[in-house]
Structure formats: C-alpha cells, structure tokens
Amino acid sequence: MIQQLSPEEIVRREALDKLRSLGIDPFPAAEFQTNSTAKEIIDLYEEGKSVSIAGRLHNMRDMGKASFAQLQDSTGKIQIYISIDSICPTDDKTLYKEVIKHLIHFGDFIGVNGKLFKTRMGEISIHVESFTLLAKSIKPLPVVKTDKDGVIHDAFTDPELRYRMRYVDLVVNEKVRDTFVARTKIVNAMRNFFNSHGYLEVDTPVLQAIPGGASARPFITHHNALDVPMYLRIANELYLKRLIVGGFEGVYEFSRNFRNEGMDRTHNPEFTVMEIYVAYKDYYWMMDFTEAMIRHVCNEALGTTQVEFGNRTIDFGQQFQRITMTDAIKQYAGFDITGKTESELFSFAQSIGIEVNDAMGKGKLIDEIFGAKCEGNFIQPTFIMDYPVDMSPLCKRHRDNPELTERFELMINGKEVANAYSELNDPIDQRQRFEDQLKLQERGDDEAMFIDQDFLRALEYGMPPTSGMGIGVDRLVMFLTNNEAIQEVLFFPQMRPEKFQSGPNIQDFIALGIPESWAEHVIKAGYDSIEKLKDSKPTAIHQQLNGYRKKNKLEIPAVQLEEVIGWIS
RNA sequence: GAUCUCGUAGCUCAGCUGGUAGAGCAAUACACUUUUAAUGUAUGGGUCCUGGGUUCGAGUCCCAGCGGGAUCACCA
C-alpha cells in the first residue's frame, strides 16, 4: 500500500534519515530529566537561572545565526533562544547549521538546558546551551498564530477535524485544554464534597441483564458463555438502591450511561451521570444538599459563583428558586393542571400546538406542556418540584397529594441538569407503578421501563426512606465552562466511524506484469485499483501514463502500447 | 428522519452571470545573533469530496451519493 504524502511530510521523513546519518536518533529511548515547567519559569523568573525543560516546538523563527521558538509543555509556552555560538562552541557548526536550521520542525518534541534571560522586548526566554531531540513529528500540525492583540489567525476550528483528532485540537487550541482541566476539577470537587460527608463511592455493573432505572433505548449486546442478551446500562439507580437496602447510608457513583438514541449538541450516546443516594433523607434535604454541592464545586473548581454562559451570567451564589411544576405551568402556560383528566390535558396540549398522540398518558402530556411553555424560562438555577405520579415510576408519592411525587429537577439555563426524588420504598406501590409502565408500553410508549423483579424483591426486604439525586456531569461541565455543545466537554465524542481509504496494493499491480519502476506511478496517475485499470482502454492508459511520465519528468522508460495490452488482458 | 448549508494546496479561506485554479500562513532555498502573526528575495505544491448529466467548454449549473455543520423532530 502506498501513502500519498504531502511535500511537507516527505521533507520530514527525509529528515529522519539525515538525522540518523548524523548520529541523532529521532526517537530516542532515554529519559530526559526536567526541573521546571513553562509556567514555573514565568511565575518564578530568576535572571541567569539554569533550567531543563521539555516540550513541543512551536513557531520557529530563524534569524541566521540565531533562532527563536516557543516550547509548549502541559503548563503553557515559553520562548527559547538558540544561537550558533552557545550550542556549537567548537568549530563544528553542524548542530546549528544542519540540525536546527533544516532538520528540526514545528511540532517536534525537544528537551533543552539553558539559562533564563529577558529579551530586549522583555519576554522571558531560555538561552539554550544544549538541546536533545526527543521525538520527531512527521506530520505537520495546523499552523495557528496569535498576534500581539491576542487575535487568533488561521484558527483550527472545523468541528469534525477537532473532534476526530482531539490530540491536534489540544495541541493548537489552548482553551480546549483548559476546558478539560476544569472538567476534572469539577469532578474532583464533587467527589471531595461527597467524601467529606462520609458517603461511599461505589462501582455497580455496566453490563446488565435488565436495563433499569430510566426510560431509554439501550444498547444490546450478547454474553456468549451464558448465551443471554445483555444491555449496557442506561442508569445505575436500581443498583445503588440495592446497596441502601444492604445497609449503606450514603453511596454515590460516577456512572457512564449508554443510550441508543439521537445525537446532537446536548446528547452523546455515552454520557456521565453522578448518582447519590442517602438514607433517612427526603427531597427537601436533597435540594439543600444539591445547592450546597454546586456552590462548593463553583468555588473549588472555578473560584467564583458568578459563571458566564453565552451572554448571560448564572448566579450560583444566591439561593436557588423553588417552584412546583403545577405553579410553573400556571405561570407560563396559564393553565391549571390540578385535577384535570387525561382528555382535558390532551385538548389543552393540542390547543397550544403540541403534537399529541394516543400513546401519551397524563404524565407525558404534562411533561410536554412544561417542555413547550416553561422549561426555557428558568435561566438561573431553579428547582422544579412535584411532578405527576405517572412520569416518575421510581419516586415516592407526595406526602400531601397522591397524584404528585416528591421529585425535583434542577434547571439551569433552561435545561435539566439534575433530577432527584424522595425514593419510592413501598414495594407494593413500586410493583404497581411498574405495571402501569407496562400498560404505557402496550399503548405504544417504547421507552417505558422494564420490570426488575430482583429490585422489587430487594425493596420487599425493606429500604429505609432515602433521597436520591442524579446530576448530568457533562451538562454541568458545559454550563460551568461556557460550552454550548456536549462534544466540547467530552474528549472523544461519538462520531460516525471514519473511513480510511485502504489504498491500492502496489504488489497487485506488479503481479499484472507492470514493471516495479512503473507500478507506483500507474497508481498516482489515477489508476488506483486493478478494476479501474482493467475497465480502461489500453490506448487511453498508454497515453495517460506517458503523459504523466513527461509531466513529472520521470527517468524511466516510456510504456509501450503492447505492454499495456499485456497487463490488462 | 426532514429542511437548509458547506466540501478548492499541509492549514485558514477567496474564486462574480460557466471561459487558462488564487491569496495568506506552512514548506523548500538564500540572507539576517534579542525576534515574536519576525522580516526580505526566490521556488515548488491541486483527483476543486465522488459518480453521472447539461454544454463547444463545469470548481461554478442540474441529479444522485458520501462526509460535516445548523435548525427541527426524536431523546425527561
């Protein structure tokens, strides 16, 4: 198989051989010891201090007998200054004249030793005394430049390329790296908060025989030894509750969930939800806890509770608003759902332009009305409370109204971020709710929940009153890092698998009788498959190839028409 | 799934009512020992996503396909 290489790639590959002939290994094995980082050098600058640092080379500026460049490590960039005299103290100037000027390229990893100084322009730099090539880059990175006003030129912005080649994105777009560092800080802050309350981080199965705990289409796989279908989890809720039954009083898990549904800028097939269950608590307690947790995360990970999102500022410092779903609909849709029958809800939903169908029960209708008229209004953090009972099959009935449940969702910027219940622990009621789901399924709701008999058995043994909360980690990170797409907060968002052209095999062409000297050029001239060659007229091939030979001034014998006929017959 | 939109050099992008494929950066060569979007001079670099069609002639117009993006639908 031949690869079509760009001229730049060819230059860099040729540099590998030249380096080796000078005794320089372009991919050495030895450790390179560093004693500083770009950030440290700038923060703790000391004139004349000796440093050793490694990183990727950017923005080389050759000025004859001296060069400037930037070295990028995981903390940022630092300027380096390489002069011919300081790295070639003897008469042999090869290291500078050959290696630095011609064999080192943008993107290479190098290690340098040198002393700190400030240039005339006042930029902190390393005056390099020795350098080591640590790894050659043979594919050129996109060239992104930032001018003195901070304006980025030729930015690497194509989402497809950025997501497919996140490694390139991370190198050339520093803000991307900041987002992912913030993501880790946010997760750590959550974990610290839960641990400081004495709750236990646990792991529960990803591969499940019954995909429970949520309403969604699962990914299906198969276990060979047991010869049964298995599902990737859509939620971990039912497993965490089993642990509460088992006697733990507070458990949480960062759960990677998988849902076989559409993808867009707020949905990825795999996503992360943090779920926590605490015994003897109710959803009022959980609201206070959730609010405190988010405030803690803001302070610890961002250092502020005033968070910019788009052109808005979200204030996590103030007490979060609380409103019941009934009041929210009353306020924004001008309709009181209290005591309404399914057909009344149906007509109202229809009257405000919602596409309705017979598979929709009361809960679904109310949810649609809320989604259409209310959801988008809750920009600042707001708890929406008390959802209808048939929307929430795992949630305890409201202590004051059996039509409702003790459930809240946290809305930020018009989107759901967290969902929490006073958990249903009455096994009789739970079984009934599952059966109601089954009826919805029979009406055509293909996302109603599966019945998990073992979970019901667990509840029959007794589960203490418990409050549980799930928070979409990806969405929270989006809001806290000012990103509007989930793809921006996942290192490797799901993409349609890339098709790599499996190039033609040069040996197949040689096997037809094409001389070795010609085979590569036959492919490059456009006959990139045996079929294509055989489908073409010999005269056309003959002319095309000799034309190619002339154009590229190839030093190989011209092709004869008889030869071509021989290849394709 | 529907609609709109994009696909041109390694990268970012121009390319008008159809008429000889362009710029900047990057690369290559030369000059320059404190530059910083370094600078100056020169050079090379293209399957205009793929396949059909219309036309004397298609990067450009039409159709189909592939891939991306946006909006909507779906998805708490």
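Proteins get letters first, then strands, A, B, ... in listed order; numbering begins at 1 in each.
- Partners of A:Asp73 under the salt bridge (charged side-chain N to carboxylate O under 4.0 Å, His left out) rule, at least two apart in sequence or in another chain, do not exist in this structure.
- Spacing of P atoms, B:rG59 relative to B:rG19, comes out at 10 Å, to the nearest Å.
- A salt bridge links A:Glu129 to A:Lys115: at least one charged side-chain nitrogen sits closer than 4.0 Å to a carboxylate oxygen.
- For the side chain to side chain contact (heavy atoms under 4.5 Å, CB included) test, residues two or more places apart in sequence or in another chain that qualify with A:Thr119 are A:Phe68, A:Gln79, A:Phe117, A:Met121, A:Glu123, A:Ser125.
- Every residue meeting the ring pair (Phe, Tyr, Trp, His ring centres under 6.0 Å) condition with A:Phe106, not counting sequence neighbours, appears here in chain and number order: A:His58.
- Nucleotides B:rG15 and B:rC61 place their C1' atoms 16 Å apart, quoted to the nearest Å.
- Residues satisfying the ring pair (Phe, Tyr, Trp, His ring centres under 6.0 Å) test with A:Phe479, not counting sequence neighbours, are A:Phe309.
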Check residues 365-385 of chain A and write down every donor-acceptor pair under 3.5 Å in which the side-chain atom is one partner and the other belongs to a residue at least two apart or another chain.
residue: A:Asn377; atom: ND2; partner: A:Lys373; partner atom: O; Å: 2.9
residue: A:Asn377; atom: ND2; partner: A:Cys374; partner atom: O; Å: 3.1
residue: A:Gln380; atom: OE1; partner: A:Asp315; partner atom: N; Å: 2.7
residue: A:Gln380; atom: NE2; partner: A:Thr313; partner atom: O; Å: 2.9
residue: A:Thr382; atom: OG1; partner: A:Gln380; partner atom: O; Å: 2.8

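- With sequence neighbours left out, A:Arg433 forms a salt bridge (charged side-chain N to carboxylate O under 4.0 Å, His left out) with A:Asp429.
- Rounded to the nearest Å, the gap between the P atom of B:rC4 and that of B:rG65 is 14 Å.
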With 3.5 Å as the limit, what N/O pairs link the protein to nucleotides 28-31 of chain B?
residue: B:rU28; atom: OP1; partner: A:His105; partner atom: NE2; Å: 3.0
residue: B:rA29; atom: OP2; partner: A:His102; partner atom: ND1; Å: 3.2

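- B:rC30 is paired with B:rG40 under the Watson-Crick or G-U wobble criterion, all donor-acceptor distances under 3.5 Å.
- Remark: the separation of the P atoms in B:rC49 and B:rA21 is 15 Å, to the nearest Å.
- For A:Glu261, whose side chain is taken as the heavy atoms from C-beta onward, the closest listed nucleotide among B:rA37, B:rC75, B:rU34 is B:rC75.
- Nucleotides B:rA27 and B:rA9 place their C1' atoms 11 Å apart, quoted to the nearest Å.
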What N/O pairs connect the protein and nucleotides 7-12 of chain B at under 3.5 Å? Give each pair on its own line.
none

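- Every residue two or more places apart in sequence or in another chain was checked for a ring pair (Phe, Tyr, Trp, His ring centres under 6.0 Å) with A:Phe109, and none qualifies.
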